[in-house]
A.B. asks: 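I have a structure I would like to understand better, so I am pasting it below and will then ask my questions one at a time.
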Amino acid sequence: MSDIAEGLGVAIEGSIAAKAVEPHDGTANAAPTGETECANCGAPLTGPYCNQCGQRAHVHRTLTAIGHDLIHGVLHLDGKLWHTLPLLAFKPGRLTRRYIEGERAKFVSPMAMLLFSVFAMFAVFQVIGLTVPTNLSTESTLDEVAEFSDSLLKDQEERLVGEIEALELANSTDTVQRQQLERELLETRAARDEVEQRKQEVLGGGEEFDLGDLDVSMATGVEAIDKGIYKKWRDNPGLMLYKLQANGYKFSWLLVPISLPFVSLLFLWRRKHKAYDHAVFVTYSLSFMSLFFIAVSLLAVSPIDVSGGWAFILLATLAPLHIYKHLKHTYSLSRFSALWRFFLLLIFMIFIILLFIQSLILLGGF
């Protein structure tokens, strides 16, 4: 129940954020009802909205009006959304092109669409239980790491023993190779013993875990930062995973500036395409992917797709197809130009995701 409440809260938060960056289109939703002055600022009225402060000419005082305001304020369901969604799903290139060229009053802006879709995605994930595990303990994590390390060392030990036995069966006279293998075998066995000993010391509580004993992988190159972040992940991995999840939607907008340099590289010699064009393309593309993930996740937990097979097929086919169509029609590319840029963009997406995750880890470490 708490997950459902949290999910609904996230959706409302995203809708409010989207509404904050989405200007009203200025279209009339109600005919004038005889008012001559604005109830807010007193300016003369010439239409259904005040041309000075923007307030409606007619002020509703009914319970149905409160319900309407609630639905509109939270879900932001107006004409713009229904103009935007079909094009975003089926003709994303046309939507992006029209928005770039100035046709904006009838469409939800890219950033407002991204905020709403990302927050809605994480809200749905909360409701259906598709979240990262947060009940991890330091002990279980260290135990898993120790088991994995021991497994690797055990495989290496078996390989070395096999090579030594092969030399003995072949009556090899290569004493140098044999001595090298035996030395590596002794080192491997000593490493296994050390892993087991450290595991018992840490899990048994007999000794503090010394960061100096570990080879800390540097994320930023600044030792103080990296060891501090590493210590937090080691001490409370569940909390850090929760922070990673929470920061995932709060800082989802970071995907736009991270993606911009990569998309710009695809059109480095095409000066007619500006950074603004790429930003609109990236933002609308991310918006669709967020909404698409919502649909796929709901399908995966529905009785229609018990095994998750259809959800995976849709994800593996429709998502790349949408990116290709979006790229081709936004920039008016030929099929060949769109294809090679599409495959290069897929490679760039790996680096974009890695940079985004790295940013979330750093943000969660402070």
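Note that the numbering runs from 1 along the sequence shown for the chain.
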A.B. asks: Within this structure, what is the CZ-NZ distance for the pair F119 and K250, rounded to the nearest 0.5 Å?
C.D. replies: 8.5 Å

A.B. asks: Decide if atom CZ of R94 counts as having more than 12 heavy atoms of other residues, nucleotides or ligands within a radius under 6.0 Å.
C.D. replies: no

A.B. asks: Looking only at heavy atoms, which two atoms of L260 and A275 are closest? And how far apart?
C.D. replies: CD2-O, 3.8 Å

A.B. asks: Membership question, hydrophobic clusters at under 4.5 Å side-chain separation (ILVMFWY): are L266 and I353 in the same one?
C.D. replies: yes

A.B. asks: Going from CG on L45 to SG on C38, what distance comes out if it is rounded to the nearest 0.5 angstrom?
C.D. replies: 6.0 Å

A.B. asks: Evaluate the side-chain proximity of E165 to V161: yes if any heavy-atom separation is below 4.5 Å, no if none is.
C.D. replies: yes

A.B. asks: Which atoms form the tightest heavy-atom contact between S290 and V118, and what is the distance?
C.D. replies: OG-CG2, 3.4 Å

A.B. asks: State the CG-CG distance between L339 and L344, to the nearest 0.5 angstrom.
C.D. replies: 12.5 Å

A.B. asks: In the structure I gave you, are the side-chain heavy atoms of T330 and V280 within less than 4.5 Å of one another anywhere?
C.D. replies: no

A.B. asks: Would you compute the distance between atom CG of L314 and atom CZ of F292 and round it to the nearest 0.5 angstrom?
C.D. replies: 5.5 Å

A.B. asks: So how far is it from L327 CG to I323 CD1, rounded to the nearest 0.5 Å?
C.D. replies: 9.0 Å

A.B. asks: If we only count heavy atoms from C-beta on, is the R98 to K91 side-chain gap below 4.5 Å?
C.D. replies: no

A.B. asks: Test of understanding: clusters of I, L, V, M, F, W, Y form through side-chain heavy atoms closer than 4.5 Å, transitively. Do I350 and M289 belong to the same one?
C.D. replies: no

A.B. asks: Tell me whether S285 contacts the main-chain N or O of F281 through its side chain, where contact means a donor paired with an acceptor under 3.5 Å.
C.D. replies: no

A.B. asks: Does the plane of the ring in H322 sit parallel, tilted or perpendicular to the ring in H326? Use 30° and 60° as the thresholds.
C.D. replies: perpendicular

A.B. asks: Check whether any side-chain N or O of S287 sits under 3.5 Å from a backbone N or O of L114 as a donor-acceptor pair, and report yes or no.
C.D. replies: yes

A.B. asks: Less than 4.5 Å apart, side chain to side chain, heavy atoms only: is that true for T188 and R159?
C.D. replies: no

A.B. asks: With a 4.5 Å heavy-atom cut-off, do R97 and D277 have their side chains touching?
C.D. replies: yes

A.B. asks: Would you kindly confirm whether L255 and M349 end up in one hydrophobic cluster when ILVMFWY residues are joined by side chain heavy atoms under 4.5 Å apart?
C.D. replies: yes

A.B. asks: Atom CG of L88 and atom OH of Y99: how far apart are they, to the nearest 0.5 Å?
C.D. replies: 13.0 Å

A.B. asks: Start with the C-alpha gap between R341 and Y331, add the side-chain angles, then the distance that decides, and say whether side-chain contact (heavy atoms from CB on, under 4.5 Å) holds.
C.D. replies: CA-CA 11 Å; R341 286 182 171 88; Y331 298 99; over 6 Å; no

A.B. asks: For L315 versus P320, what's the shortest heavy-atom pair and its separation?
C.D. replies: O-CD, 3.7 Å

A.B. asks: Quick one: are E157 and L185 in side-chain contact, heavy atoms under 4.5 Å?
C.D. replies: yes

A.B. asks: Does the side chain of C50 come within less than 4.5 Å of N40's, by heavy atoms?
C.D. replies: no

A.B. asks: So which heavy atom on K80 is nearest to which on F107, and how close?
C.D. replies: CD-O, 3.7 Å

A.B. asks: Should I352 and F262 be marked as a side-chain contact (heavy atoms from CB on, under 4.5 Å) after you check the CA-CA gap, both sets of side-chain angles, and the distance that decides it?
C.D. replies: CA-CA 8 Å; I352 292 169; F262 294 95; 3.6 Å; yes

A.B. asks: Please check this pair: side chain of T84 against backbone of V108, looking for a donor-acceptor N/O pair closer than 3.5 Å.
C.D. replies: yes

A.B. asks: With no hydrogens and no angle check, just 3.5 Å: does a side-chain donor-acceptor pair link S334 and S337?
C.D. replies: yes

A.B. asks: Carefully, step by step, assess L254 and L355 under the rule side-chain contact (heavy atoms from CB on, under 4.5 Å).
C.D. replies: CA-CA 10 Å; L254 278 176; L355 287 172; over 6 Å; no

A.B. asks: Quick check: closest heavy atoms across H329 and G93, and the distance to 0.1 Å?
C.D. replies: CB-CA, 3.8 Å

A.B. asks: Quick one: sort the H278 and H273 rings into parallel, tilted or perpendicular, breaks at 30° and 60°.
C.D. replies: tilted

A.B. asks: Answer yes or no: are there more than 12 heavy-atom neighbours, outside Y276 itself, under 6.0 Å from its atom OH?
C.D. replies: yes

A.B. asks: Should V256 and L354 be counted in the same cluster of Ile, Leu, Val, Met, Phe, Trp and Tyr side chains packed under 4.5 Å apart?
C.D. replies: no

A.B. asks: For residues Y284 and M113, report the shortest heavy-atom separation together with the two atoms involved.
C.D. replies: CE2-CB, 4.4 Å

A.B. asks: Please tell me whether F293 and F125 form a close aromatic pair, meaning their ring centres lie under 6.0 Å apart.
C.D. replies: no

A.B. asks: L346, V263: one ILVMFWY side-chain cluster at the under-4.5 Å cut-off?
C.D. replies: yes

A.B. asks: So do the side chains of I258 and S359 get within less than 4.5 Å of each other, counting heavy atoms only?
C.D. replies: yes

